[in-house]
2 protein chains.
Amino acid sequence: MVSTADREDWAVLDECERGVIELFVSVADVLGFPRSLGEIYGLAYISPLPIHLAEVCGRLSLSKGSASQGLRTLRDLGALKPVYVPGDRRDYFEPEIKIRVLLYQLLSERLRPHLDRSAGALEELDESARRCSPALAPETAKFRRERVELLGAWRKRVSTVLPIVQRILK
Amino acid sequence: MVSTADREDWAVLDECERGVIELFVSVADVLGFPRSLGEIYGLAYISPLPIHLAEVCGRLSLSKGSASQGLRTLRDLGALKPVYVPGDRRDYFEPEIKIRVLLYQLLSERLRPHLDRSAGALEELDESARRCSPALAPETAKFRRERVELLGAWRKRVSTVLPIVQRILK
DNA sequence: CATTTAGTTCAAATTCTCTTGAACTTTGTG
DNA sequence: CACAAAGTTCAAGAGAATTTGAACTAAATG
């Protein structure tokens, strides 16, 4: 084995690469994702070939731990897709570049689970409202029941609109 | 003035109120807002009367600083609306409860500014790509120009879809 | 089967965000 | 005009989220 085997030196990011990565970092920020996710996706996006762990560490100066976690999260989100490279043991990834798919998966992974959880929470809330009612002035109890009902209506509305939005993105 | 003037004791939240507030805390979480915003909006949402600063501090055990900031942020987002109460110097707020309006304002305040900023960033990127081209293999330079162009297409697409979504929420 | 390489895991450290609380401004009251 | 009440501001503290790095597992190689 050559002496430089485990300490490959990766090319420093040029202006254009930095710009693209910066843009994705700001997108990650808006979406509430950690900076490193934006960096990794950005690198994948502007790289002509699939990327792999060591490259991410080397070119972005991220620790192996961060890079590994980041790659996994992005794969789980569907933002990076595994690519099989024959004769190479490393895991390569290329970016999903269809905005429709990206947004669809984002909505599915983030909003949908919350909507599902809240369905259960709303039922419990309904019971809570009922349980608390006797201790309250009748008009207060009524007001609360209405507000809790409204929450249910909101949930329904968002649940209905979500698939439509996803379809529009087509 | 009575001795208890500045140390009013507010009713402890009952089960139903806690439940509603908890739900909004989880919404805030999904949207990447601080917990306190969820709590304050939740309190306003389940309160039959407009709320004010001291009430927020007292019932949610938040500091005056947090409450003040939180109320302002929610007002800026359009999630809380100022209510004038004659003969009372305090600032009262009631919640915006039209989901359409809430979501519309959320999209406008969060996504729109980012889209606008990115328009400028993309132009610069385009120049960057051009500047970096001479130093690259022709096919790499071409690949980059395409990817940068694609970013522009994404932005356009999202900019187009956003108003449509807002209209659907009608 | 010992060694090397790819990748994962997780506790500790770091960094960043949010909250607190005290000082301050402003406005109303006697 | 002194005082009280409402609200703001912001530096410092507390807390949460992210990143690191070292120890680990798994798989390939000779």
Side-chain angles (χ1 to χ4, degrees), chain A residues 1-8 10 21 24-26 28-41 43 50-77 80 82-93 110, chain B residues 1-8 10 21 24-26 28-41 43 50-77 80 82-93 110:
Chain A
M1 278 290 139
V2 202
S3 63
T4 57
D6 62 329
R7 178 155 285 286
E8 305 179 60
W10 298 91
I21 289 168
F24 281 108
V25 165
S26 81
D29 192 49
V30 169
L31 299 178
F33 289 118
R35 168 183 196 83
S36 61
L37 285 202
E39 293 179 321
I40 297 171
Y41 182 86
L43 178 64
I51 61 169
H52 59 85
L53 190 94
E55 189 177 357
V56 171
C57 297
R59 301 207 68 200
L60 298 173
S61 312
L62 284 177
S63 68
K64 236 195 337 174
S66 262
S68 172
Q69 270 239 138
L71 286 170
R72 183 225 297 275
T73 304
L74 286 167
R75 178 164 48 63
D76 291 348
L77 275 171
L80 290 185
V83 176
Y84 174 61
V85 174
D88 195 324
R89 185 142 72 89
R90 289 170 290 190
D91 298 340
Y92 285 87
F93 297 92
R110 295 210 115 191
Chain B
M1 280 287 143
V2 203
S3 65
T4 57
D6 62 328
R7 178 156 285 286
E8 304 180 59
W10 298 91
I21 289 168
F24 282 108
V25 165
S26 79
D29 191 48
V30 170
L31 299 178
F33 289 117
R35 168 184 196 81
S36 61
L37 286 202
E39 293 180 320
I40 297 171
Y41 182 86
L43 178 64
I51 62 170
H52 62 267
L53 190 96
E55 190 178 354
V56 170
C57 297
R59 301 208 68 200
L60 298 173
S61 311
L62 284 178
S63 68
K64 242 199 326 178
S66 263
S68 172
Q69 270 240 145
L71 285 170
R72 183 226 296 276
T73 304
L74 286 167
R75 176 163 50 63
D76 291 348
L77 275 171
L80 290 184
V83 177
Y84 173 61
V85 174
D88 195 324
R89 184 141 72 89
R90 290 171 289 191
D91 297 340
Y92 286 86
F93 297 92
R110 295 212 117 190

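Just so it is clear: chains get the letters A, B, ... in the order the sequence lines come, proteins before strands, and each one is counted from 1. Values in this document were obtained by computation on a predicted structure and should not be read as measured data. These values consider heavy atoms only, across backbone and side chains, with no hydrogens, waters or symmetry-generated copies.
Between A:D88 atom CG and C:dT5 atom P the separation is 13 Å, expressed in whole Å. For B:E55 and D:dA5, the CD to P distance is 18 Å, given to the nearest whole Å. Atom NE2 of A:H52 and atom C1' of C:dA6 are 11 Å apart (whole Å). Atom-to-atom, CG of B:L74 to P of D:dG7 comes out at 15 Å; the value is rounded to the nearest Å. Atoms CG (B:D91) and P (C:dT25) sit 19 Å apart, rounded to a whole Å. Taking atom CZ of B:R90 as the reference point, atom P of C:dT27 lies 18 Å away to the nearest angstrom.
Residue pairs meeting the salt bridge (Lys or Arg N to Asp or Glu O under 4.0 Å) criterion with at least one partner in residues 51-62 of chain A, sequence neighbours excluded, are A:E17-A:R59.
Within 6.0 Å of CZ on B:R35 lie no more than 12 heavy atoms contributed by other residues, nucleotides or ligands.
A:L62 and A:S36 get closest at one heavy-atom pair: CD1-CB, 4.1 Å. The minimum heavy-atom distance between B:L71 and B:F93, with the atom names listed, is CD2-CD1, 3.9 Å. The minimum heavy-atom distance linking A:I40 with A:I51 is given by the pair O-CD1, 4.1 Å. Nearest heavy atom pair, residue A:P82 against residue A:R75, reads CG-CD, 3.6 Å.
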Check your understanding: What string of B, S and - do you get for nucleotides 16-30 of chain D, 5' to 3', when a contact is any protein heavy atom under 4.0 Å?
Key -> --SSBB-----BS--

